[in-house]
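Reviewing the structure listed below.
Owing to the predicted nature of the structure, the values given are computational and were not obtained by experimental measurement. Proteins get letters first, then strands, A, B, ... in listed order; numbering begins at 1 in each.
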Number of protein chains: 2
Amino acid sequence: MGLAKTEIFTLEQNAVARFAKALGHPARVAILQHLFKTNQCICGELVLEIGLAQATISQHLKALKSLGLIQGSVEGTTVCYCVDFKNWAKMKHSLSIFLIWISIPPNVVKNLK
Amino acid sequence: MGLAKTEIFTLEQNAVARFAKALGHPARVAILQHLFKTNQCICGELVLEIGLAQATISQHLKALKSLGLIQGSVEGTTVCYCVDFKNWAKMKHSLSIFLIWISIPPNVVKNLK
DNA sequence: CACATTAATCGTAATATTGCAATTAATTAA
DNA sequence: TTAATTAATTGCAATATTACGATTAATGTG
């Protein structure tokens, strides 16, 4: 099928998987690293920086954008990309919570609340 | 192609992507959650718990196993799976470090070292 | 031994992902 | 207006992923 059966999983499981999938390609990791480092940059800069074809970078940018992790704004003939910090924080929170709490036994979690 | 050009990325970028990819499917997230909760369990239990076909669960287990995140040991006619805590810690460290440090400017990082 | 149980593997189908060349649409510069 | 620049989109090919039924191999039970 190639299609995940999301309906049988919890919201948390799907959210973790969706965010993790976004980080599941080194080009997208590199794009995010570069955007954090430079604060913002145009598409063409990422093409040069990373060394994949323009169409490929554009595709990865689209994936990150559709998840909300980055934003793009047209400026003349260029498109300026930057991190969407609000959604980035959500993603970071989701993944961090998962990584932290998965190893804490349910009864301990219960006592902490 | 369907094949990532890993050779043009750093070790860190590839490691983050590889680990994130492992968490990039809700079934694998669910498997890991269940293994942490029950400490260990047999394959058949995961099939019942998650509700995907046995062959499918086996495939996801293989993916987690080949990354080293879980271990499986044959016990009679069953196979008992558990988290490989050492490699889990490595993965957690890799992803956490990435999530934490990506937003810290390089000059600040430099001053902290 | 025959039979049941369990889980890996195989085969297959559907879909997704990755990558690039070529094209297109939008904007700017001459 | 024409030409140049930029980035999205299209079209395509190769490979990967997801899912499942069927089979197989291994082990245990009668």
Side-chain angles (χ1 to χ4, degrees), chain A residues 1-9 13-14 16-31 34-35 40-67 70-82, chain B residues 1-9 13-14 16-31 34-35 40-67 70-82:
Chain A
M1 310 248 156
L3 181 63
K5 277 193 165 180
T6 55
E7 68 277 9
I8 66 173
F9 299 101
Q13 286 161 350
N14 281 314
V16 168
R18 214 171 48 244
F19 286 136
K21 207 172 174 182
L23 304 180
H25 192 289
R28 290 191 291 272
V29 171
I31 287 171
H34 196 256
L35 283 183
Q40 59 173 229
C41 78
I42 64 170
C43 176
E45 192 180 318
L46 289 164
V47 173
L48 292 177
E49 174 75 15
I50 294 175
L52 288 172
Q54 181 264 320
T56 307
I57 294 294
S58 200
Q59 223 169 227
H60 285 300
L61 286 170
K62 190 179 180 182
L64 292 171
K65 204 174 154 189
S66 73
L67 241 190
I70 64 173
Q71 292 177 331
S73 57
V74 180
E75 296 187 2
T77 61
T78 69
V79 176
C80 187
Y81 282 97
C82 62
Chain B
M1 310 247 155
L3 180 64
K5 277 193 163 179
T6 55
E7 68 277 9
I8 66 172
F9 300 101
Q13 287 162 349
N14 282 314
V16 168
R18 214 170 47 245
F19 286 136
K21 206 171 175 183
L23 303 181
H25 192 290
R28 290 191 291 272
V29 171
I31 287 171
H34 196 255
L35 283 182
Q40 58 174 227
C41 79
I42 64 171
C43 176
E45 194 180 317
L46 289 165
V47 174
L48 292 178
E49 175 75 14
I50 294 175
L52 288 173
Q54 181 264 319
T56 308
I57 294 294
S58 202
Q59 224 169 223
H60 285 300
L61 286 169
K62 191 179 179 182
L64 291 171
K65 205 174 154 189
S66 74
L67 242 190
I70 64 173
Q71 292 177 330
S73 57
V74 180
E75 295 188 2
T77 62
T78 68
V79 176
C80 188
Y81 281 97
C82 62

**Prompt:** How is A:Lys21 classified with respect to the nucleic acid when contacts are heavy atoms under 4.0 Å: base, sugar-phosphate, or nothing?
**Reply:** sugar-phosphate
**Asked** Along DNA chain C, 5' to 3', what are the outermost nucleotides having an atom less than 4.0 Å from a heavy atom of chain B?
**Response** C:dT5 to C:dC20
**Asked** Contact class for B:Ser58 vs. all strands (heavy atom < 4.0 Å): base, sugar-phosphate, or nothing?
**Response** base
**Prompt:** Which heavy atom of B:Cys43 sits nearest a heavy atom of B:Leu61, and at what distance?
**Reply:** SG-CD1, 3.9 Å
Are there any protein N/O atoms within less than 3.5 Å of an N/O atom in nucleotides 25-30 of chain D, and if so, which ones and at what distance?
none

**Prompt:** Does A:Lys62 have any side chain to side chain contact (heavy atoms under 4.5 Å, CB included) partners at least two apart in sequence or in another chain, and if so, which?
**Reply:** none
**Asked** Does B:His60 place a side-chain N or O at less than 4.0 Å from the phosphate oxygens OP1/OP2 of D:dA19?
**Response** yes
**Item:** Atom-pair distance (CG on B:Leu61; C1' on D:dT18), nearest Å
**Value:** 14 Å
**Request:** Name the residue closer to the 5' end of DNA chain D, choosing between A:Val79 and B:Gln59 according to the nucleotide with the nearest heavy atom.
**Result:** A:Val79
Would you tabulate the side-chain donor-acceptor contacts of residues 18-30 of chain A under 3.5 Å, counting partners in other chains and residues two or more places apart, or write 'none'?
unit_1, atom_1, unit_2, atom_2, d
A:His25, ND1, A:Ala27, N, 2.9
A:Arg28, NE, A:Ala22, O, 2.9
A:Arg28, NH1, A:His60, ND1, 3.0
A:Arg28, NH2, A:Lys21, O, 3.3

**Item:** DNA chain D-proximal residues of residues 46-57 of chain B, any heavy atom under 4.0 Å
**Value:** B:Leu52, B:Ala53, B:Ala55, B:Thr56
**Message:** Please enumerate all residues that pass side-chain hydrogen bond (donor to acceptor under 3.5 Å, both in side chains) together with B:Gln13, with sequence neighbours excluded.
**Reply:** A:Gln33, B:Thr10
**Prompt:** Looking only at heavy atoms, which two atoms of B:Asn14 and B:Thr6 are closest? And how far apart?
**Reply:** ND2-O, 3.0 Å
**Asked** Where is the tightest heavy-atom contact between A:Ile8 and B:Ile50, given as atom of each residue plus distance?
**Response** CD1-O, 3.5 Å
**Prompt:** Any idea which heavy atoms bring A:Val47 and A:Gln54 closest together, and the distance?
**Reply:** CG2-CA, 3.7 Å
**Asked** Does B:Val16 reach the side chain of B:Phe9, with side-chain heavy atoms less than 4.5 Å apart?
**Response** no
**Message:** Looking at every heavy atom in both A:Tyr81 and A:Leu35, which two are closest together, and how far apart are they?
**Reply:** O-CD2, 3.5 Å
**Request:** Kindly give the heavy-atom pair with the smallest separation between B:Cys41 and B:Leu46, and that separation in Å.
**Result:** SG-CG, 3.6 Å
